[in-house]
A.B. asks: 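Before I ask anything, here is the structure I am working with.
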Amino acid sequence: MSHTPFLPFHDGFSRDAALSILRAATDGADDGELFLERRRSEALVFDDGRLKTASFDASEGFGLRAVRGEVSGYAHSTEISEAALLRASETARLAVGDGGGTWAEAPQPTNRRLYTDADPISGVEFPVKIETLREIDSFARALDPRVVQVSAALAASLQEVEILRPDGVSVSDVRPMTRVNVSVIVEENGRRESGSAGGGGRVGLDGLIAPSEWQAKAREALRVAIVNLKAEAAPAGVMDVVLGPGWPGILLHEAVGHGLEGDFNRKGSSAFAGLMGQQVAAPGVTVLDDGTIPDRRGSISVDDEGTPSGKNILIEDGVLVGFMQDRQNARLMGVPPTGNGRRQSYAHAPMPRMTNTYMLGGEADPGDLVADLKDGIYAVGFGGGQVDITNGKFVFSCTEAYRVQNGKVGAPVKGATLIGDGATALKQIRGLGNDMALDPGMGNCGKQGQWVPVGVGQPSVLIGGLTVGGSAA
C-alpha cells in the first residue's frame, strides 16, 4: 500500500473557488474556517490463537463553519467538491444572519512539527503485522502455565488535515497514531483473572512491534493478572489513598480537567466557574495541559482551528490561573485561544478539549507517601469510571490496588472503587512524589459524543479522606 499526499484541491475544485465560497459564507461573521480531512485506519486483533478481526477504514470530507457571537453554523460533507461546498455554505451562513461581526485575529503560523509524517499503516508489511501478533500470543502463553487466553491488538491510523481560513491563510498537519495492546487471562484453582498493558503514540509502528517493546507489555499484562489472582475483597469506608504515577492521572483528567475547559466555565456549569485567581487545590499542586510534547498521543502541532498547540498552566501552586480555550470561547471570554480547539473529524465542530493533561511532581519519596498511610489504599491501575463534568463527582474502579496498614503494603484488593469529587480531592492532596510520569499512550476522551486521543500523567499522590467502595464485610 503506497501513501500519496492529501490534495483536497484538485481539477474541478480549485483553492480559489473554495476560498471564494468560504468568504461568502463567513461575510459578517466573527470567525470561521474550512476544515478538510482524509483519514485511514487499520486494526488487527489476534484472539485465542487466531486472527479474529482485520479491518481497514478510509474516509475523507470537509466541514464548513461560520461563527457569530455564541452561535455556530456548521455543515459537512463526504464529497469534496465545489457543488457540495456551495450547499454547505448555505447552511453555515444561517448562523451569521445580518452580519455585523468583528472578525477575529488569525492564528499565528508555526513551522513546528511534533511527530513524523510517515504513514504508519504502509510502513510495516501486512504479513509482518500478522506474524508479530502470532509471536505475542506464543510468547505470552509460554510465560506462565496459568495463562489460558491471550488477546493482542495492533492499530495504526493517519489523519491528514488542511484548514483554510477566509483571510487566505491555510494550515496543514499530518497526524500518525499507533498502539499495541496485550491482554491475558490466567486461571488457578478455578479462579480466573485478567490483566492488560499497552501503549503507543504519534510514532511509527515499526518501533512498537520490536520484540523488546511488546514483550514488556506481555510481561506487564501477566503481572497484573497474577496480582489479581491473589486479590482479596476491597474494604469500604473513608480512608487515605495513594495514587501511583502515570496512568492514574486519568482521574485528574476526568474529575478536574473537564472542569477547566473554557466552554463549561463561560456557561457557569463547571465547579471551577468564577474561581479564577483563587486557591482551588492544595499548595504545591500544579496542573498543566501540554499539547507540545513530541510524539505523545495527545499532542498536536496545531489544533483543529489552526492554532498552534500550547503548554498551558491551569493550576499553579494550588491557584487557578487558566482554562483551556478554543477560538470561540476565548473570544467570548476575552482571553487568547490556547490551542485546545479539537474535533473528532470533519463531521464535527471544534470545542475546547484536553491534549496531555498532567500534574507536576513534588519532592517526596513515593515510598514515604505509602509509609504515611495508617489504614488506606495504594491504587496503581484504573479501569472504567463515571464523572459528572459539571461538579467533578467521580466513581473510578481500580484494576490494581493494595491494602496498606501502618505504612505496610499488604494484599492486593479486588473490586475497589474510588468515590469523590475533583474540587475536594484537589484540596485534600497531602503529598506529591518525585516520580512524575506520563501514561504509556492509551487514552481516549469523550465529550458531547466526540472522541479524541489524549494523554495523562501525574506523580504518586497522597489524598486524604476519599471514599472507597468495596465488598469486604
Side-chain angles (χ1 to χ4, degrees), residues 1 40-58 119-158 176-201 203-231 246-247 250 297 380-384 397-401 412 414-415 439-444 451 453:
M1 183 190 307
R40 292 176 295 128
S41 60
E42 180 184 72
L44 308 174
V45 178
F46 200 89
D47 186 55
D48 204 21
R50 60 188 177 86
L51 184 64
K52 185 176 182 180
T53 61
S55 63
F56 178 83
D57 181 71
D119 180 10
I121 299 174
S122 60
V124 176
E125 295 294 328
F126 191 80
V128 175
K129 299 171 187 175
I130 301 298
E131 182 57 30
T132 298
L133 290 171
R134 197 182 307 278
E135 290 176 2
I136 294 173
D137 179 85
S138 299
F139 178 82
R141 292 178 186 277
L143 286 174
D144 194 291
R146 291 171 289 184
V147 175
V148 295
Q149 188 168 339
V150 177
S151 179
L154 298 178
S157 66
L158 187 70
M177 186 70 74
T178 56
R179 179 174 170 177
V180 173
N181 193 78
V182 183
S183 298
V184 302
I185 295 177
V186 295
E187 182 176 10
E188 185 175 56
N189 299 324
R191 178 175 175 177
R192 287 193 170 197
E193 297 291 347
S194 62
S196 62
V203 295
L205 194 58
D206 51 349
L208 290 183
I209 65 173
S212 59
E213 288 288 328
W214 58 256
Q215 287 178 8
K217 292 178 174 63
R219 290 190 179 97
E220 175 63 10
L222 176 62
R223 184 194 68 79
V224 174
I226 292 175
V227 164
N228 288 327
L229 274 178
K230 306 171 185 177
W247 177 243
I250 189 64
R297 182 174 176 84
V380 297
F382 283 94
S397 60
C398 301
T399 56
E400 182 183 358
K414 182 177 176 62
D439 77 284
M442 53 188 182
N444 287 306
W451 292 88

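Heads up: numbering here begins at 1 and tracks the sequence. Every value quoted in this text rests on a predicted model; they were computed, and no experiment measured them.
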A.B. asks: Side-chain contact, heavy-atom cut-off 4.5 Å: Glu213 with Val180?
C.D. replies: no
A.B. asks: Is Asn181 close to Ser183 at the side-chain level, that is, under 4.5 Å between some pair of heavy atoms?
C.D. replies: yes
A.B. asks: Of the options Val124, Val203, Leu154, Ile209, which is the one that meets Thr178 in a side-chain contact (heavy atoms from CB on, under 4.5 Å)?
C.D. replies: Val203
A.B. asks: How many angstroms lie between CD in Glu131 and CZ in Phe126, if you round to the nearest 0.5 Å?
C.D. replies: 12.5 Å
A.B. asks: Hey, does the side chain of Trp247 reach the backbone of Gly381 with a donor-acceptor pair shorter than 3.5 angstrom?
C.D. replies: no
A.B. asks: Would you call Ile250 and Asp439 a side-chain contact if the rule is heavy atoms closer than 4.5 Å?
C.D. replies: no
A.B. asks: Got a sec, which residues hit side-chain hydrogen bond (donor to acceptor under 3.5 Å, both in side chains) with Gln215, two or more places apart in sequence or on another chain?
C.D. replies: none
A.B. asks: Check whether any side-chain heavy atom of Phe139 sits under 4.5 Å from a side-chain heavy atom of Val150, and report yes or no.
C.D. replies: no
A.B. asks: Please report the shortest heavy-atom distance between Leu205 and Lys129, naming the atom on each side.
C.D. replies: CD2-CE, 4.0 Å
A.B. asks: Which heavy-atom pair separates Val184 from Ala225 by the least distance, and what is that distance?
C.D. replies: CG2-CB, 3.9 Å
A.B. asks: Do the side chain of Asn228 and the main chain of Ser194 share a donor and acceptor less than 3.5 angstrom apart?
C.D. replies: yes
A.B. asks: Got Val186 and Asp144 here, is their nearest side-chain heavy-atom distance under 4.5 Å?
C.D. replies: no
A.B. asks: Strictly distance-based, threshold 3.5 Å: is any side-chain N or O of Arg297 a donor or acceptor partner for the main-chain N or O of Gly200?
C.D. replies: no
A.B. asks: Name every donor-acceptor pair, under 3.5 Å, that has one atom in a side chain of residues 45-53 and the other anywhere in the protein, sequence neighbours excluded.
C.D. replies:
none

A.B. asks: I need the minimum non-hydrogen distance between Arg141 and Val148, along with the two atoms involved.
C.D. replies: NH1-O, 3.6 Å
A.B. asks: Residues in side-chain hydrogen bond (donor to acceptor under 3.5 Å, both in side chains) with Arg191, at least two apart?
C.D. replies: Glu193
A.B. asks: Please determine whether a side-chain nitrogen of the Lys or Arg among Arg223 and Glu220 lies less than 4.0 Å from a carboxylate oxygen of the Asp or Glu.
C.D. replies: yes
A.B. asks: Nearest 0.5 Å, what's the CD-OG distance between Glu42 and Ser157?
C.D. replies: 10.5 Å
A.B. asks: Does the side chain of Phe56 reach to within under 4.5 Å of the side chain of Ser41, using non-hydrogen atoms?
C.D. replies: no
A.B. asks: With a 4.5 Å cut-off on side-chain heavy atoms, are Pro120 and Leu158 touching?
C.D. replies: yes
A.B. asks: Search all heavy atoms of Ala54 against all heavy atoms of Leu44 and return the closest pair with its distance.
C.D. replies: CB-CD2, 3.5 Å
A.B. asks: Compare every heavy atom of Gly383 with every heavy atom of Thr399, then report the nearest pair and how far apart it is.
C.D. replies: CG2-N, 3.4 Å
